[in-house]
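Below: the structure, in structure tokens.
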Amino acid sequence: MFALEPNDKNHYFYTGTIGKIMPAALCFGKETHVGEPLSGLNAAWMTSVFTQEIEWNENLCETVNGQMSPPPTLLWQRDLKKDYTTQIPHRSVSLYNLLLMKRNAADVMEAMRGIAETAAKKMEKFMLEKYQTFQLDSSHLPKIRVVLFEELREYACNKMGDEFITLLEQSVVTQTIGDSREQSIQVVDQLAMLCQELGPMIILFYAPPYYPAINTVDHPIIQQLSDSIIHYSNEEFGFELSPVDYFNGICDLSYAGLQGELSNMHRFDSNLPGGKELYSIPFQDMSKLTAPVINVGPIGRDAHKKTERLHMPFAFEQLPKLLTHLLLTHRDQ
């Protein structure tokens, strides 16, 4: 069980699970020596400006049946310099955790584009003000593009040929040391280096993993089991387990069906660097499933903190009784 807010001590079970998607951005600036910083554009700074627009952005939250999704947060941010040099970092990447209820990959990418365009305008305004402060000619200041990965890849294919780009992607994926996120970053970086005439730019893409949201609160079986859980916990344990539409801790129940239009899933695949060879979700097969889902688990507190803990009496004494009760209840229906 996860808390719905800080210091929440209530007990829950779930009739669905929240979705997770990881939008990412590679900021491509302009290289220069640190002795001439105004001749370049620091991508690490660009990333920091973009991250300020994403972190805890309430416009990227959703509310369904009174439950609000946790706000987005930065998971990984770094420049792409291999070693220390006195060249400014002109390529930088950031990955963000975004939790979903009704939104899908297409919705998120459009929202990210809008946020990136806002961030780009703020960067341009900052550069203009600094040029004026230093009494420099600002007429040659660059505009910052916002480019989706699918757009960058199409441009690269037109420039270098489809076969060359496909082979490059395959080579990067197989030769990159690290997990699928590192591989996806390197694919974007290599294509950006091939198309650096588009810079400065903010390239938006998706990094693995993707967990679509699912919620079956209205399914008759789930409604019957929910009533049974509430009654049983009150009678046997002396406290109530309250139903919540979405488990907010990420769960493999995401793959028990596909809620939403199958056509919208294309936006995830087309903006995933490395394609299905890097990371694949069987959206077509998932769309054929209509399995009702319910998540009844142990009481835990302070997930991913040094004080993370499990309430052992519930986990090993009460919960097994509750699960047995649910199985027998469903069998008898």
Side-chain angles (χ1 to χ4, degrees), residues 1-21 61-71 97 99-102 209-260 281-282 285-333:
M1 299 177 195
F2 273 67
L4 293 182
E5 58 186 37
N7 301 315
D8 181 10
K9 302 302 181 185
N10 294 316
H11 302 151
Y12 304 106
F13 67 95
Y14 307 89
T15 58
T17 190
I18 206 162
K20 170 194 168 77
I21 199 167
C61 296
E62 295 179 73
T63 300
V64 176
N65 294 336
Q67 180 185 358
M68 176 178 281
S69 62
N97 188 82
L99 299 177
L100 311 172
M101 291 177 171
K102 297 294 187 181
Y210 178 26
Y211 289 78
I214 188 169
N215 179 22
T216 56
V217 64
D218 295 325
H219 195 285
I221 291 177
I222 298 304
Q223 291 178 342
Q224 292 169 357
L225 292 179
S226 296
D227 291 340
S228 182
I229 291 172
I230 295 170
H231 177 76
Y232 187 85
S233 62
N234 268 322
E235 291 290 319
E236 294 294 321
F237 310 145
F239 58 80
E240 183 173 303
L241 297 180
S242 301
V244 175
D245 283 7
Y246 295 94
F247 173 67
N248 58 325
I250 315 302
C251 175
D252 286 343
L253 291 178
S254 285
Y255 306 119
L258 185 65
Q259 295 185 341
I281 299 178
D285 292 335
M286 288 167 56
S287 68
K288 300 174 184 177
L289 297 175
T290 56
V293 300
I294 194 163
N295 184 354
V296 186
I299 299 171
R301 302 296 183 210
D302 293 350
H304 288 234
K305 299 180 183 179
K306 63 183 179 181
T307 52
E308 181 173 357
R309 59 201 184 275
L310 181 71
H311 188 249
M312 294 176 65
F314 185 81
F316 299 113
E317 298 172 17
Q318 296 170 324
L319 180 59
K321 294 178 182 178
L322 176 57
L323 294 177
T324 300
H325 169 76
L326 285 178
L327 290 171
L328 294 176
T329 300
H330 182 54
R331 183 194 66 180
D332 295 337
Q333 289 176 350

Could you list the residues that satisfy ring-ring contact (aromatic ring centres under 6.0 Å, His included) with Tyr211, not counting sequence neighbours? Tyr255

Which residues share a side chain to side chain contact (heavy atoms under 4.5 Å, CB included) with Pro70, sequence neighbours left out: Ile18, Leu99, Asn248

Using side-chain heavy atoms (C-beta onward) and a distance below 4.5 Å, is Leu319 in contact with Ile299? no

Search all heavy atoms of Ser233 against all heavy atoms of Ile230 and return the closest pair with its distance. OG-O, 3.1 Å

Is the backbone of Val293 close enough, under 3.5 Å, to the side chain of Thr216 for a donor and an acceptor to pair up by distance? yes

Tell me, with the steps shown, if Leu225 and Val296 meet side chain to side chain contact (heavy atoms under 4.5 Å, CB included). CA-CA 11 Å; Leu225 292 179; Val296 186; over 6 Å; no

Can you list everything that forms a ring-ring contact (aromatic ring centres under 6.0 Å, His included) with His231? Sequence neighbours excluded, please. none

Contacts of Tyr12 meeting ring-ring contact (aromatic ring centres under 6.0 Å, His included) (sequence neighbours excluded), chain-then-number -> none

Please name all residues satisfying salt bridge (charged side-chain N to carboxylate O under 4.0 Å, His left out) with Arg301, sequence neighbours left out, ordered by chain then number. none

Looking at residues at least two apart in the chain, or sitting in another chain, which of them share a side chain to side chain contact (heavy atoms under 4.5 Å, CB included) with Thr324? Leu328

To check you understand the geometry: which heavy-atom pair defines the closest contact between Lys102 and Glu62, and what is its length? N-OE1, 2.8 Å

In terms of heavy-atom contacts, Ala291 and Ile214 come closest through O-CD1, 4.4 Å

Quick check for you: to the nearest 0.5 Å, what is the distance between Tyr246 atom OH and Cys251 atom SG? 14.0 Å

Sequence neighbours excluded, the answer for side chain to side chain contact (heavy atoms under 4.5 Å, CB included) partners of His325 is Ser228, Tyr232, Thr329

Tell me, please, which residues at least two apart from Asn234 pass side-chain hydrogen bond (donor to acceptor under 3.5 Å, both in side chains). Glu240

Over all atoms of both residues, closest heavy-atom pair of Phe314 and Gly297: CE2-O, 3.5 Å

Apply side chain to side chain contact (heavy atoms under 4.5 Å, CB included) to Leu258 and Leu289, showing your working. CA-CA 7 Å; Leu258 185 65; Leu289 297 175; over 6 Å; no

Can you name the nearest heavy-atom pair linking Pro212 to Ser254, along with the distance? O-OG, 2.7 Å

Qualifying residues under ring-ring contact (aromatic ring centres under 6.0 Å, His included), relative to Tyr14, sequence neighbours excluded: Phe247

Sequence-distant partners of Asn295, side-chain hydrogen bond (donor to acceptor under 3.5 Å, both in side chains), two or more places apart: none

All side chain to side chain contact (heavy atoms under 4.5 Å, CB included) counterparts of Thr15, not counting sequence neighbours: Phe13, Asn215, Val217, Ile222, Ser226, Asp245

side-chain hydrogen bond (donor to acceptor under 3.5 Å, both in side chains) pairs touching residues 308-321, sequence neighbours excluded, are Asp302-Arg309

Answer yes or no: are there more than 12 heavy-atom neighbours, outside Lys305 itself, under 6.0 Å from its atom NZ? no

Distance col, row Phe239:CZ vs His11:NE2, nearest 0.5 angstrom, shows 5.5 Å

Considering only heavy atoms from C-beta outward, does the side chain of Met1 approach that of Pro298 to under 4.5 Å? no

Heavy-atom nearest pair, Met101 first then Met68, reads CE-C, 3.7 Å

